[in-house]
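Letters go in sequence order (proteins before strands), and every chain restarts at 1.
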Amino acid sequence: MHDIRVVREAPDSLREGMRRRGKWDSLGPLVERAVALEGERRAAIQATEEKKAARNATSQEVAKRKKAGEPTDDLLAKGRAIGEEIAQLEARQVAAQSELDEILVGLPNITLADVPEGDETANTVVRSWGTPRAANSVKPHWEVGAAAGMLDLERGAKISGSGFIVYRGVGARLQRALVSMMLDLHTKEHGYEEAWVPLFVNRESMTGTGQLPKFEEDMYALRDDALFAIPTAEVPVTNLLRDEILDGARLPMAMTAYSACFRREAGSAGKDTRGLLRVHQFDKVELVRWCAPEDSAAQHELLTGHAERVLKLLDLPYRVLLLAAGDTGFSSAKTYDLEVFAPGVGKWLEVSSCSNFTDFQARRANIRYRPASGEKPRFVHTLNGSGLALPRIVAGILEHHQQPDGSVKVPAALASYLGADRIAASAG
RNA sequence: GGACAGGUGGCCGAGUGGUUGAAGGCACCGGUCUCGAAAACCGGCAUACCGGAAACGGUAUCGUGAGUUCGAAUCUCACCCUGUCCGCCA
């Protein structure tokens with residue numbers, strides 16, 4: 001959500017922000033409409049408040065006269081007339097306000113200055129780690145997984161539908177091992193507080209982090225309750241501090257949470273339909289940070305490093321992409337994607353997306369901090385990143401660590417959690 | 001799910017439809033006193049928005065939303081949340 005003051009005082013920054021995302025054609029008219037509405041709104045507010053002041057004065061006069069035992073009929077009539085005028089002015093104000101809100105809540109965040117302009121072709125690799133194996137030099141993960149008895153995609157489809165996965169045997173155990181390994185790393189070495197959160201949240205929470213109102217189609221909703229299945233733990237975790245004023249001395253705050261994530265993947269039919277690359281329910285460990293505005297750029301690098309650390313421990317070659325403005329998510333001001341190379345499918349897989357939301361989510365969710373006692377509250381900056389998403393990590397492991405005999409070597413850091421240093425080629 | 005009770009400032013807590021933004025207390029800040037502290041006493045102490053260079057003025061806010069009224073913390077309705085008891089339940 002953008003500050004209404006930006007609309008009034010710096011509309012050019014809003015215009016430039018939309019243009020840099022390549023969205024001027026669709027969003028430009030909305031920005032201009034917002035600027036006009038803000039003027040109408042202010043005029044209506046001023047007129048309304050004048051009338052209300054008059055009404056209050058009249059009411060007080062009524063009280064005075066009643067005390068003195070004087071007649072008040074003329075004042076009552078006057079008050080009624082003012083009341084009608086107020087009702088009309090308020091209707092104008094509410095109309096302008098609600099249209100304005102609707103526009104503002106639908107405008108994406110303004111990207112930071114160091115984010116390249118343009119669409120995804122302008123994404124840039126900022127660094128990479130490890131040596132990827134040659135594309136198509138190994139079997140794709142779904143073949144290895146099926147042979148090893150780890151994956152049961154057919155039965156997942158039977159009980160829920162396509163895009164729902166059943167892990168079995170060592171596959172199921174691998175999920176648990178990965179989650180434990182990541183949570184231990186982030187809590188013990190990176191200083192995050194662990195949280196375990198609801199998988200269903202209300203509309204306010206979804207709006208707070210920016211999933212609503214624009215992306216309602218992408219989410220699962222319950223039929224009989226006003227709840228949505230979370231697409232990421234970012235939503236419940238970030239909203240934990242909604243409508244709160246944090247102690248500035250306690251910033252930055254950091255929480256990590258494992259959760260299942262649910263995505264309808266509306267509009268992505270036909271893409272990555274095989275294996276684990278795009279599914280409706282998956283597991284993820286999420287990292288969330290809250291900090292002071294001047295600190296968020298550094299916090300973003302820190303958080304990205306925490307996610308990268310998981311990939312290093314899993315010994316998976318990866319690259320870090322700085323997303324161009326047009327490819328940066330709705331709420332984000334700057335995003336790094338971490339991609340792992342999966343030689344079996346011959347593709348770079350996005351396994352983490354680390355974003356700085358500046359005050360965009362904080363404004364929507366009303367998360368503030370008091371810099372020092374006695375000072376006024378300011379909006380925090382929020383950040384989050386996957387640390388990491390499991391299915392594509394599993395794909396990466398099954399492909400990158402695949403041995404010639406079809407077995408899979410388990411990275412040392414994970415072996416103790418899995419209780420094995422190798423996944424056999426067949427379930428035996 | 002049923003029956004009650006209740007939601008007021010950072011906290012506790014009063015509040016007959018008419019100077020109630022809201023008594024009182026606690027906490028907090030400043031001062032007097034003191035060698036210093038405590039106690040006591042005096043004073044201050046909500047937020048947002050609008051106008052204004054400022055002083056200051058205006059508007060709104062007593063769970064949320066609507067309604068009645070010249071005027072609502074106070075009356076009406078709906079919803080949300082909390083507590084207690086009963087029922088059900090992993």
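With A:D327 contributing its side chain and A:N123 its backbone, the two residues share no donor-acceptor pair below 3.5 Å. Judged by distance alone, the side chain of A:H141 and the main-chain N or O of A:G396 form no donor-acceptor pair under 3.5 Å. Formation of a donor-acceptor pair under 3.5 Å by the A:D152 side chain with backbone atoms of A:R155 is found in this model.
Rounded to an integer number of Å, the gap from A:K66 NZ to B:rG71 P is 12 Å. Rounded to whole Å, the distance from CD on A:Q93 to P on B:rU59 is 14 Å. Atom CG in A:L76 sits about 16 Å away from atom P in B:rU68, given to the nearest Å. Across the protein-nucleic acid pair, A:D243 atom CG and B:rU47 atom C1' stand 14 Å apart, rounded to whole Å. In this structure, A:R368 places its CZ atom 12 Å from C1' of B:rA46, rounding to the nearest Å. The CD1-P distance, from A:I245 to B:rC11, rounds to 11 Å in whole Å. Distance, A:E204 CD to B:rG65 C1': 13 Å, rounded to whole Å. One interatomic measurement links the two molecules: CG of A:N366 to P of B:rC49, which rounds to 12 Å at whole-angstrom precision.
Within the 4.0 angstrom heavy-atom criterion, no nucleotide atom of any strand lies near A:R65.
B:rC42 sits 37 Å from B:rA72 when the P atoms are compared, rounded to a whole Å. Comparing B:rG7 with B:rG65, their C1' atoms sit 16 Å apart, to the nearest whole Å. Only the C1' atoms considered, B:rG71 is 49 Å distant from B:rC88, to the nearest whole Å. Atom C1' of B:rA60 sits at a distance of 26 Å from the matching atom of B:rG6, rounded to the whole Å. Between B:rC70 and B:rC80, the distance separating the two C1' atoms is 32 Å to the nearest Å. Across B:rG18 and B:rC75, the matching C1' atoms stand 15 Å from one another, rounded to whole Å. Look at the C1' atom in both B:rC62 and B:rA48: the space between them is 16 Å, to the nearest Å. One P atom belongs to B:rG52, the other to B:rC79, and the distance between them is 45 Å to the nearest Å.
For an aromatic pair to be called close, the ring centres must be under 6.0 Å apart, and A:F228 with A:F262 fails this. With ring centers used as reference points, A:H381 lies 6.0 Å or more from A:F360.
Checking A:E301 against A:Y336 by side-chain atom types alone, a donor-acceptor pair falls below 3.5 Å. Between the side chains of A:Y318 and A:E339, no donor N or O sits under 3.5 Å from an acceptor N or O.
Searching all strands for a Watson-Crick or G-U wobble partner of B:rU19 with both distances below 3.5 Å returns nothing. With a 3.5 Å ceiling on both atom-pair distances, the Watson-Crick or G-U wobble partner of B:rA5 is B:rU82. With a cut-off of 3.5 Å on both Watson-Crick or G-U wobble distances, the partner of B:rG30 is given as B:rC42. In this structure B:rC88 sits in no base pair that meets the Watson-Crick or G-U test at under 3.5 Å. The partner of B:rC35 cannot be assigned: no Watson-Crick or G-U wobble pair with both contacts below 3.5 Å exists in any strand. Using the Watson-Crick or G-U wobble rule with both distances under 3.5 Å, B:rG24 pairs with B:rC12. B:rG51 is paired with B:rC56 under the Watson-Crick or G-U wobble criterion, all donor-acceptor distances under 3.5 Å. Across all strands shown, the partner of B:rG65 is B:rC77, judged by Watson-Crick or G-U wobble contacts whose two distances both fall under 3.5 Å.
At a non-hydrogen distance threshold of 4.0 Å, A:R42, A:Q46, A:E49, A:K52, A:A53, A:R55, A:N56, A:S59, A:V62, A:A63 from residues 32-64 of chain A come into contact with RNA chain B.
Taking only side-chain atoms of A:R5, from C-beta outward, the nucleotide of B:rA48, B:rC49, B:rG18 with the closest atom is B:rC49.
Between A:A77 and A:K376, the residue anchored closer to the 5' end of RNA chain B is A:K376, taking for each the nucleotide with the nearest heavy atom.
Heavy-atom neighbours of A:R19 CZ from other residues, nucleotides or ligands within 6.0 Å: above the threshold of 12.
A cation-pi geometry, defined here as NZ or CZ lying under 6.0 Å from the six-membered ring centre and within 45° of its normal, holds between A:R289 and A:Y192.
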